[in-house]
Amino acid sequence: MREITYTEAAREGLDEEMARDSSVFVVGEGIGKRGGNFNTTLGLFDKYGPQRLRDTPIAERGFIGMCTGAAMTGTRPVVDFMFFDFILDATGEMINQIAKMQYMSSGRLKMPIVLRGCVGVGGSSATHHSGNYYSFYSHVPGWRVVLPTTPRDAKGLLKSAIRSDDPVLFLEHKLLLNTRGEVPDPDVDELIPFGKASVRREGTDVTAVAFGMMVNRTLEAAETLAQDGIRVEVIDPRSVAPLDMETILESLAKTGRMVIVDEDYGPAGMGAEIAALVADRAFDELDAPVRRVNGVHTPIPYSPPLEAAVVPNRDTIIGAIRDLVAE
Amino acid sequence: MREITYTEAAREGLDEEMARDSSVFVVGEGIGKRGGNFNTTLGLFDKYGPQRLRDTPIAERGFIGMCTGAAMTGTRPVVDFMFFDFILDATGEMINQIAKMQYMSSGRLKMPIVLRGCVGVGGSSATHHSGNYYSFYSHVPGWRVVLPTTPRDAKGLLKSAIRSDDPVLFLEHKLLLNTRGEVPDPDVDELIPFGKASVRREGTDVTAVAFGMMVNRTLEAAETLAQDGIRVEVIDPRSVAPLDMETILESLAKTGRMVIVDEDYGPAGMGAEIAALVADRAFDELDAPVRRVNGVHTPIPYSPPLEAAVVPNRDTIIGAIRDLVAE
Amino acid sequence: MQTETHAGADLNLDTLLSLYRGMLSIRKIEEALVRLYQLGHIPGACHTYIGQEAIATGVCAHLRQDDVVFSTHRGHGHAVAKGVPPEEVIGELLGRMTGCSRGRGGSMHLFSPEVGLMGTTGIVGPNLLQSTGAALSFQLLRLDRVSVCFFGDGAVNNGAFHEAINMAAIWDLPVLFVCENNMYATEVPFAYATRNTDVVARAASYGVASQDVDGNDVVAVFNASAQAVDHVRGGRGPYLVECRTYRTRPHAEGMRDVGYRTQDEVSQWKQRDPIAALRTALYNDAMATEEQLSAIEERVTATVDAARETAESSPFPDPSTATSHIFSE
Amino acid sequence: MQTETHAGADLNLDTLLSLYRGMLSIRKIEEALVRLYQLGHIPGACHTYIGQEAIATGVCAHLRQDDVVFSTHRGHGHAVAKGVPPEEVIGELLGRMTGCSRGRGGSMHLFSPEVGLMGTTGIVGPNLLQSTGAALSFQLLRLDRVSVCFFGDGAVNNGAFHEAINMAAIWDLPVLFVCENNMYATEVPFAYATRNTDVVARAASYGVASQDVDGNDVVAVFNASAQAVDHVRGGRGPYLVECRTYRTRPHAEGMRDVGYRTQDEVSQWKQRDPIAALRTALYNDAMATEEQLSAIEERVTATVDAARETAESSPFPDPSTATSHIFSE
Ligand SMILES: Cc1ncc(C[n+]2csc(CCOP(=O)(O)OP(=O)(O)O)c2C)c(N)n1
Ligand SMILES: Cc1ncc(C[n+]2csc(CCOP(=O)(O)OP(=O)(O)O)c2C)c(N)n1
Ligand SMILES: [Mg+2]
Ligand SMILES: [Mg+2]
């Protein structure tokens, strides 16, 4: 298979869906001629024109609310929002409207809208450009939330997102954008389903469930630990809502030990949910307490040494897994 | 001690703090001459005038952002927002600005702001007037979040909130507003600290941690269960951030069993966090898995039979506790 | 200002009677809801449209079924005018399975996409944005459908107004903004909440065509909307109509209604009742007889009575359906 | 439009030289930052103020230290003009402990409340609201302090603008809104993002006093701000000054800068450089000699060089402090 970058793969997926379905359109700041702050739409303006690649004013609440109305009336908006931090201004539209529209209308309206953009800490982006915030959208009902970590998943999940009649948050960790990986040929039309975890590495001693960029860090950690004979199974849930607990519990049944690695904050986060579910459903299979490795509970600082101190890294993860195995 | 309502108690606390400190002021829709949609400011307009009881346009993001600036410059705003659902439009200000202001300024700015208003399901308020949403503010750093359940706590916590130099979300379950309870005399000046749980009923068989309106429901359940000899210890954390895990773990050490009762959604909610912390810190003390009783994971419907079906009630709680004891 | 409906000027009798019937239907439904509320049969909130009927009626008279309407917390009138059957509106407020939202929504969440009612909203603002989005769909799909947003004066000071009208303007979207300026948002006067209460002038400052109209004069609203809908459907971009009006009941049923407006003000506006005004005009202009008009009133009353009975005898939704339709599959 | 700074008209030489020095300081700091960025020493974003120096300089010349400034992502110039020492600005972008935000913030989170810099923001909009809130504090505390908000044309179409200016108007709050209209928000032209690019007219539509000014003419900005600050401090309510200007560098360092504006446009604006314009005027009006001006330039360069060196030799923050100051206790 050919190797392309994460951004290229997602862009290819977008392009294919726009070609397939003329009701798909994109809005965002600088996603037109410019091709997007992260090159998410590079080249598409020339292909699909200003109606379907529509630059917007700086009005996040406005254009997300607008796209809500569009999704109710026959088109399929993709909102390219750059940083999750920016769309906190649209939370009202996302929670009160988008998430509830199908319910409020008893299923007579659909909500085929995709919000896509960056999350995550890295590159001294500081506290207004480093947010994660996805756990909240798994907490409230009504959203599909995906966090692809490979180019192949990025493409396949974006295609599924655009075809879905449900609202989807498609979140791209900024440090993954330029990573490369194998992606099937354009004619393959591969759709990756929501709620299906990917076992990224098999192992028998510890189950490590990791999200977003932490999948890569955890795979590195697993590689190192393998040299000491600690075999870590690494699971990438790929979507946080729905969450594929089946795959997670199957793995746990094999290993008896679990660590959850999430750059996002710990309290009431994804790790808490998984730990609570595991404690509830697989209490007797646990050989040790479920451990969580999270980003430090603080606003994200700018300066490199401070920034590095608040995100789990390979060593933090290795340490946590060694401790867990020792218990 | 005299008995007054929850709303009266909170209003008394607000009045006392406004009398004490002339830099305290209130903004909101209809909180001036009208006295507030929930009578939260009744009578105060006559006492403190339109400058300190300031009616606002319908601009939740606007007036919360404005009060952020006020709190940075020497005054102490209290935002009376009516329903939590309304201030989802201000999430950007709450997360990116209010929560981070002290951090971004390295502690050189303080953020003495209180946001107060209703949460919760009840009275067919339907999906735009029933939100809880507090778990998100325990997930992100920077907020104090209190959920008083008695008139006395409402008064004492509101007074603490107004005197605090940190931002505080003061959340009042709509079904608690007219409940009555004992409150010390006005001259007592009782402050209730954040992060200190209240053991509302002692017991030795099961620890029930309940939030908001669910404290009352759980107390009712405990009363019924006592007749069968099941002694439930009921803990009201009173604040979800900070969370008093010490009191919770102490109780668990005694009972070995725990249920968490929260009207709010389960996934990545407060119950998940407590269950995860318990699993992490008191794994060996658990005689049974920690159980969660939550509101159903759905937008809140209007019609009474539907609404009743999505909130835990006395019987749901009794059932969960019986099951837990039986394990 | 004095509402004086001139019936005969340019509308034919059928149209006038249909406007009369339309307003009256809304009024009778609202009156039925008030009584049901007072009897304790409406479990949630109820914001009536009494006094403002001319607006929904006059505007929706120009809409096709495939045009869409986005409304507010005060949306019963818009629902009815867009074609939601009375029993479905009443049923919804009673929380019944037969309500237009199947009992899930209540007063502030009325949905009937089948007839183009795309929702009322419990939150002030989103309807402005969503209507703009529907217009964007129609533009993208090259359809000559029109999107209409009803909103109150209170929404004008919200950021949603600013962002919506600006986007509608720059992209020439086919959306008609109808501001129902009843001078108050709950108890807060519009004149307190802004230094510029001239919503038409504000529309102009975004480059949006606009006009204002006596919102209690259904003929005036009808004529203004004819122009407005024509403008919008013709692809000439958005349009704003400001209707100056008044609600004669409290903000919501059960709320105290004192301290922010005078009894005098209320009575003066009651004298400008849009339904009575049209009735008087029809009668004065000798276009309809007292009997004709009374016959219409009787039929409307009978229809609404029957609708109320149907609604009241409809079942509540099954609690086991509380979680259906969160997602599409 | 042609920037032609008339130096002599009404300002004395000290003021003019101080404006010259002020603008030059900002420019030299920005140039140092550009070099540091190109060397890879600035770990995060860097949006320079080059070309817009007249605005911060002309406005802040009228402010007291206890007046407050709320700024944007393009805030280095405002920080310097309000009195943040150059080494603290450079240090902050380098992520050092001695930065004005102790290394926590970087370019878009500059704080120095000691001198009235209440923050720059990485999010477009909040500064409009916060400045209004500071003005509310001053009104409540009966202080004659002034709150100033700098914001770009891009912020004008955001709901925060609408809500902030409206509240400032209805409560007569002492806030000065300074719109730096440089015609683009990133690559999106203001003329695309709105049908009404006349920000002064928009202020008027909220009942807010306003004037526009050539933002590349520091004397014009100085004079307009004198009036504006006087108005605001005198308790006559908010005021908006629209400064028409241009950024001559890319939106942020490291960004491609093609496709949305012509080279021609950029060069034309470079010829209207505010610093060169003042220098020429001072020289033409025979108010200062070439030597005087060059001497100032040398001193400023030396100061900035020293500041850069100080910043570069400052320590990085201690990772163990990463979580301090989340809360007050
Ligand atoms: C965002 C938001 N804030 C506050 C409210 C509470 N509220 C409901 S209706 C209303 C007044 C609306 O006034 P207006 O838009 O003029 O409509 P009217 O009631 O006069 O028809 C308010 C403040 C709300 N529903 N949503
Ligand atoms: C809410 C929000 N949306 C988008 C951005 C990304 N962004 C940063 S600066 C900018 C353009 C701002 O334009 P303008 O206000 O005119 O200021 P200028 O850069 O021209 O000085 C954008 C879109 C942001 N920071 N915040
Ligand atoms: Mg109104
Ligand atoms: Mg600009």
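These numbers come from a predicted model, not from an experiment. A note on names: the letters A, B, ... follow the listed sequences, proteins ahead of strands, and every chain is numbered from 1.
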Would you mind checking which part of [X] comes under 4.5 Å of any heavy atom in chain C, side chain (CB onward), backbone (N, CA, C, O), both or neither?
| X | value |
| --- | --- |
| D:Ala164 | neither |
| D:Ala169 | both |
| D:Tyr192 | both |

In Å and rounded to the nearest 0.5 Å, what is the CZ to CZ distance from D:Arg202 to C:Arg202?
11.5 Å
CG/C:Asn157 to NE2/D:His162 distance, rounded to the nearest 0.5 angstrom?
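C:Asn157 CG to D:His162 NE2: 5.5 Å, rounded to 0.5 Å.
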Indicate yes or no for a side-chain donor-acceptor contact from D:Asn196 to the backbone of C:Ser205 under 3.5 Å, with no hydrogens or angles considered.
yes
Test your reading of the model: is there a side-chain donor-acceptor pair from C:Glu163 to the backbone of D:Asn158, 3.5 Å cut-off?
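Pair absent, no side-chain N/O of C:Glu163 close to backbone of D:Asn158.
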Qualifying residue, where the test is side-chain contact (heavy atoms from CB on, under 4.5 Å) with C:Arg195 and the options are D:Asp172, D:Val208, D:Asn166:
D:Asp172
